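Working notes, structure below.
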Amino acid sequence: MPYIPLEGHLPGITGLLEYRQDTAGPIRELTQILLRGPSSLTEGERELIATIVSSRNQCTFCTAAHTATANVLLGESETSEKVKENILTAPVSEKMKALLLIASQVQQSGKNVTVQSIQKAKEEGATDIEIHDTVLIAALFCLYNRYVDGLAAATPFQPEFYNALGKRLKDHGYNRLKSGYDHLKNQSVQ
């Protein structure tokens, strides 16, 4: 049960963003730029960064949402599960492993990022902008994870909900839908 009154048909971050649309706008815009804007990292790779951070922060809603989105973008579900189990043995490039390890360090504390992990990422071909964006995505998802859990936002448990959310995030990105979210009122989210 959320700690503040939120619209029941909007679980997780969506309800919180609708609650305070003036603060939601800049957050959504930043997320859209980082996860859907031009990048040498694929959208799926960027979603894996959100997934690993959310998973390690134990944010059930964000982990399920970004795992589902990564799965839709990658066209399969094995990679996201393997990344959450063990980055070093996951079926991703060595560059991506290095970036995911940096994201995991940021999840613990920005001060946990080491010169060695940055050097390893560069040795594996990561550019400065990829390293920058990895750190910023990881930091942003720490904010999201704490926002969702800190206000006890509703967390659905049906995989179908997250599969639909993943498809919506793939198709529409992180901006607020122009039509709003009234169409979700008829869907059960608990």
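The shown structure was predicted, so the numbers you read here are calculated from the model rather than taken from an experiment.
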Hey, does the side chain of [X] reach the backbone of [Y] with a donor-acceptor pair shorter than 3.5 angstrom?
| X | Y | value |
| --- | --- | --- |
| S54 | T51 | no |
| S117 | V113 | no |
| E76 | T79 | yes |
| E124 | A121 | no |
| Y162 | P156 | yes |
| T14 | L10 | no |
| T63 | C59 | yes |
| R146 | C142 | yes |
| R46 | T42 | yes |

Ion pair check, [X] and [Y], cut-off under 4.0 Å:
| X | Y | value |
| --- | --- | --- |
| E81 | K84 | yes |
| R176 | E18 | yes |
| R36 | E47 | yes |

Exercise. Could you give all pairs that pass the salt bridge (charged side-chain N to carboxylate O under 4.0 Å, His left out) test and reach residues 97-115, with sequence neighbours left out?
Worked result: E94-K97
Exercise. Do F141 and L151 sit in the same hydrophobic cluster, where Ile, Leu, Val, Met, Phe, Trp and Tyr count as joined when their side-chain heavy atoms come under 4.5 Å apart?
Worked result: yes
Exercise. Out of curiosity, does L73 fall in the hydrophobic cluster containing L48 (side-chain heavy atoms, cut-off under 4.5 Å, transitive links)?
Worked result: no
For this session: Please list, chain by chain and in numerical order, all residues satisfying salt bridge (Lys or Arg N to Asp or Glu O under 4.0 Å) with E160, sequence neighbours excluded.
Result: none
Problem set entry | Pairwise side-chain contact, I13 with C62, heavy-atom cut-off 4.5 Å (strictly under) | no
